[in-house]
Peer 1: 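Mind having a look at this structure? Questions to follow.
Here is the naming used below: chain letters follow the sequence lines, and residue numbers restart at 1 for every chain. All values below were derived from every heavy atom in this structure, side-chain atoms included, with hydrogens, water molecules and symmetry-related copies excluded.
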Amino acid sequence: MEHLQVDLILTGRSSDPVFNKPMRILLIADSYVWMIPVDVGPHRGYAKGVQRFREDLVKSWIGQSKLDLTEFKPPAQWALPDEDINQLYGKRAGEPCKAIIQREAAWNAIQAYVEAHPVSEAVLTMSYRTWIPTRAAELGCSVSWLYHVLHLYWAGGSTRFCLLGNSRYCGSPGVRKAQSTKLGRRNVATSAALRADPATKNLDSVGYIMSLEAINKAQFGWRHFSAGRSVRQAYLETMATFYRDSIKMVGGMPEAVLKLPNDRPTQRQFEYWGPRDESKHEVDENKNRQDQRRLPGYANQNILKIGQIAWADSSSGDVELTSVVSRLIHVSSATFLELMDARTTVICGVYIGFERPSARIALLAAAHAAMSKADWCARFGFEGITDDQIPAVRLDNIYTDNGEYRNILSAKVTLEAWQGWITYAPAGVPEEKGTIEGDHHVRHKLADHKLAGTTHGRPRCYGEPEPASEAALNIYEYTRIHIERILRHNTQQAVPHLLTGEMRGELDASATRMDIFRWLKKHGYINGTPPSSDVIRAHMLPTFDATMTARGVFVHRPDRGNKPEFLIGCRFVSDYLVQSGMLAAARKHGVSVRLKMDPTDLQVAWLPTAEGLQLLNNVYADDLLIARGSVNELCVIQDGDARVRLKDKARQDQDDLDYINNRENINRSAVEQKIKERTAAKASEPDRNSSSHTPSERRQTEIGNLEERGLASPIDVSAPAASSEEAVSAVTTPSTEVTATENKRSAYLIDDTVSAIRKFKQRTNRS
Amino acid sequence: MATTGFINLIRSGVGQGHRDDYIPLIRLSRRNISRIGTQSTGPMPGYRRASHFVAHSIKVVALLMLWLGALDVRESFPLWPFDHPHPLADWPFGQPINRECTGMAGITSAAKGGRPGRRVAGLSQVDLMITKGTLDLPSSLVVECASSRQTVCGDTPSDVAKRSALSRRYARLNDMDHRVIDSDVLDPIFVANLLGLSDAPNTIRRDLSPEELPLIQDCLTSNLEKNSICEAVWRTASQLGKNEQQVFNVFDGMAWSQQIDIDLGRTIYRTEPIVPGGQRVKMQLRQFVFGDS
């Protein structure tokens, strides 16, 4: 913009200003330029008049970059209608505010002249110089005011709106006023003085006036002395610091002597001014940012597809839980990690368990999101759940905070498993993923804080029972409640705010999240299909150390480091192990293996082999424990059992010792008796057990003897003689086991394993 | 930084390699959490390695560069303070550039607080080192991502401005092009489309064989001439007996690569026909950014 034009603004450069203020070009004629200073700021003074410059000089200034040519940008208030100006700055409804009154007065004063004389004519002829004194005499106003108004009018672009008064800036809005009188209610002394002399009207309140310095001191005290103290104590410490008269020594220690009450702030003044601390915002940078940072748009704005972004965040379950084996055993609160598709806000994956937030549970939740939930729901009693209720989604970009996903493992596994992204919200900015943060709140309000044993997400208040003592639910029931909630969230709640114009032909305002999900999927707003379950399991399920023996695969406790301590309730076998000969190979020496396993699902585990992942079933006899328990819970149970056994050790040892003593006594007396009998027999008759009697004959004879003494049956002494054979066989069966060879024993163990598999298959149809 | 530090960095491969073999100077870990930047890590379209971006704006510009046809995008590229081989000295796909580059002493606290990992004394970096041109005749383009607010900050130059000046000097000394790109100037809908479609190339590579891709593309292109996007995809899927999801992915891939001329500056409604215009924008932007004739 190099050509001079009327109404353009000339602005001087900051380094060498030609003009102190921007200048508006009013007229260009006869190689001269008429300009007028423009000042529309809040502190404008007298509007100066028209100045004339040589055109070539102005152009040379522009050529030397001493001046910039710009367009005039009027203040926003000029464009507002009077109603809005009144709304903003007026004191009473229905009455024009002072700024409008000033504007109208100025406009009425100059309207006749400016409508009759265009600017170009006025500045050339300077006819206003003769008109203004006459008009001032007519109106009874000053000549200088009329000049000011006319200059203001021309500088503002010859519009009446530029005459708007600046009274809205009066009183320095937003600037703290210095105190000159004591604010608030009169104190006792003033009230007493008024009562004594009611004629006194304008008696100032006696008391301490809060100067700027006093306010700063009060705020300093509030900031530094209030932490962990009562307001009263903080007040007194502030007074002792800033308003002490002297110091006295008490017991060798200095103590402050406070000034008289009227010479220092009252506690009410301290309480009023202390929290009104602007510098606190600077100190607490994070809080300041939270208050001021913008939240433009809505959460899923510009997200095109399902799975393009998923929000993930974990929080505490806020409910103290008990063990699945006894409601008297308190375990802890669960960790809840949720993944929510950002486009539809459908919850597609969760982790509910006792592990604290870590990379492991982060990957478990991501794996859960990408896999079918039919088995998971069936385990908790929800049969027939399909992808139509809780869908399996490949999440291309997990948007999370810098918590459980912020580690090398999560990034590496997400990349390898499905080439996904992880995006980390800035630290301390939860609103970046506000929907999932809001869902924590909804979850707490809908479920967690209504359950027995809730912590309400805060420390226990005085008088409240301890949440742990109130705990009644176990993880199985807790998960059931949340599956129900997720089903409600996905398939029952109407979400009209997620409907777009494209969908309205097929969906109405009663559409649920899954309705929208299905519509988007049908129309291709989805990023792709999830990877296969095997890929997910291989990459994302945590690995557990285990030992393979002839009886199956036994998982080690995860909290024992490299020490191979078997976890109770985790014995995994499958047909593959038997048929491939892996169990037979592990007959003599256990083989170390690693299993892929969901620690919240004890029923199955996967063994990585050369032929891919092999499904192993848990054949432990306790159905309840493996259906409802988790690895963490098993560890707790195992530790509890160990503690009980330790306490019971003395009794057990004593019982064992007593048993051995009794056994030895019986044995010893029997041997002694035999020696006696043999000695006696040698003297009288030949041996009863000579070769003339067969073993069966000897057994029959003995049975006859036992029956005579009423000792034939170990259960029922009065049982008939017909049961004697069963009794004999019962006695003789163990001896068969004892005499079995080692190889036969191994074969028995594998048979036992096979029968265990068969039993398991009968027990559950799961494969 | 002591000499050992540089030696360790060079030995670890930082700033070396191309495409999937490249190792950036800053990799996201638990230690370099930002209070300001939206950091992200993952594979860019056509890549298998994870890229590491310390700010969302850099990711957007990197995607823009790939959309415009950059041969390689190397984020967080170190500027060594000593003379070193040209960034394309080991270019494996064509003619490498065998000349020495002048080193550039870094600034110590560039983008204080906002760019974790930059506080390495004596070592600076550029946000993106782009390889443009052709495979046979590549050239380097230094790209700094900075908003105009950060660059112009009163009379005293901001850290961002200093960093931009440093990288500009490096580019000028070593005969490279240099650009400062503010992602805020890009239209939000264009950026949304760029982000939404950028996953498609990797999805296609994973889910479709190279043989069946051209078949689907040809069929889809002919169907798109008369139908809306949805109808074209459904028709293509039924004609070829393919999964609709795969055909939608192919459409996304073609929209990303502009094999079908579709305007990314508008919201892509799948129930409507495509709106052309993307190829022209791409060509103009390419000329503007890469300086192609």
Peer 1: Can you find a side-chain donor-acceptor pair between A:Asp396 and A:Asn527 that sits under 3.5 Å?
Peer 2: yes

Peer 1: Determine whether the side chains of A:Gln308 and A:Tyr399 contain a donor N or O and an acceptor N or O closer than 3.5 Å.
Peer 2: no

Peer 1: Using only heavy-atom distances, determine whether the side chains of A:Glu404 and A:Ser358 contain a donor-acceptor pair under 3.5 Å.
Peer 2: no

Peer 1: Could you tell me which portion of B:Arg48 (side chain, backbone, both or neither) has an atom closer than 4.5 angstrom to a non-hydrogen atom of chain A?
Peer 2: both

Peer 1: Any side-chain donor paired with an acceptor under 3.5 Å for B:Ser76 and B:Arg27?
Peer 2: no

Peer 1: Say whether A:Arg513 and A:Thr345, considering side chains only, have a donor N or O and an acceptor N or O under 3.5 Å apart.
Peer 2: yes

Peer 1: Within this structure, what is the CG-NE2 distance for the pair A:Leu363 and A:His368, rounded to the nearest 0.5 Å?
Peer 2: 14.5 Å

Peer 1: Which of residues 187-195 of chain B get closer than 4.5 angstrom to chain A, counting heavy atoms alone?
Peer 2: B:Pro188, B:Ala192, B:Asn193, B:Leu195

Peer 1: Is a side-chain donor or acceptor of B:Trp67 paired with a backbone partner of B:Trp256 at a separation under 3.5 angstrom?
Peer 2: yes

Peer 1: Under the side chain to side chain donor-acceptor pair (under 3.5 Å) rule, what do A:Asp515 and A:Thr512 come out as? Steps first, then yes or no, please.
Peer 2: CA-CA 5 Å; A:Asp515 291 336; A:Thr512 64; 3.2 Å; yes

Peer 1: Just by distance, with hydrogens left out, do A:Thr423 and A:Asn397 show a side-chain donor and acceptor under 3.5 Å apart?
Peer 2: yes

Peer 1: Among residues 223-231 of chain B, which residues come closer than 4.5 Å to chain A, judged by heavy atom distances?
Peer 2: B:Cys230

Peer 1: Going by salt bridge (Lys or Arg N to Asp or Glu O under 4.0 Å), name the pairs with one or both residues in residues 300-314 of chain A, residues two or more places apart or in two chains.
Peer 2: A:Lys305-B:Asp252, A:Asp313-A:Lys433

Peer 1: Between A:Glu416 and A:Val413 (side chain of the first, backbone of the second, donor and acceptor by atom type, cut-off under 3.5 Å), is there such a pair?
Peer 2: no

Peer 1: Any salt bridge between A:Arg518 and A:Glu506, counting N to O under 4.0 Å?
Peer 2: no

Peer 1: Sort A:Lys412 into side chain, backbone, both or neither according to what part of it lies under 4.5 angstrom from a heavy atom of chain B.
Peer 2: neither

Peer 1: Would you mind telling me which of A:Thr414, A:Ile303, A:Leu415 has the largest number of heavy-atom pairs within less than 4.5 Å of chain B?
Peer 2: A:Leu415

Peer 1: Should A:Thr335 and A:Glu355 count as side-chain neighbours, where that means a heavy-atom distance under 4.5 Å?
Peer 2: no

Peer 1: At a heavy-atom separation under 4.5 Å, does B:Asn249 approach chain A through its side chain, its backbone, both, or neither?
Peer 2: side chain

Peer 1: Could you list which of residues 258-272 of chain B have a heavy atom closer than 4.5 Å to any heavy atom of chain A, in residue-number order?
Peer 2: B:Ile268, B:Tyr269, B:Arg270, B:Thr271

Peer 1: Using only heavy-atom distances, determine whether the side chains of B:Gln39 and A:Arg406 contain a donor-acceptor pair under 3.5 Å.
Peer 2: yes

Peer 1: Between B:Gln245 and A:Thr529, is any side-chain donor less than 3.5 angstrom from a side-chain acceptor?
Peer 2: no

Peer 1: Relative to chain A, which of B:Arg49, B:His56, B:Gln246, B:Arg206 shows the most heavy atom pairs under 4.5 Å?
Peer 2: B:Arg206

Peer 1: Non-hydrogen atoms of chain A under 4.5 Å away: do they reach the side chain of B:Phe53, the backbone, both or neither?
Peer 2: side chain

Peer 1: Below 4.5 Å from any heavy atom of chain B, which atoms of A:Ile526 appear? Answer side chain, backbone, both or neither.
Peer 2: both

Peer 1: Verify whether one side chain among A:Asn407 and A:Ser410 offers a donor that lies under 3.5 Å from an acceptor in the other.
Peer 2: yes

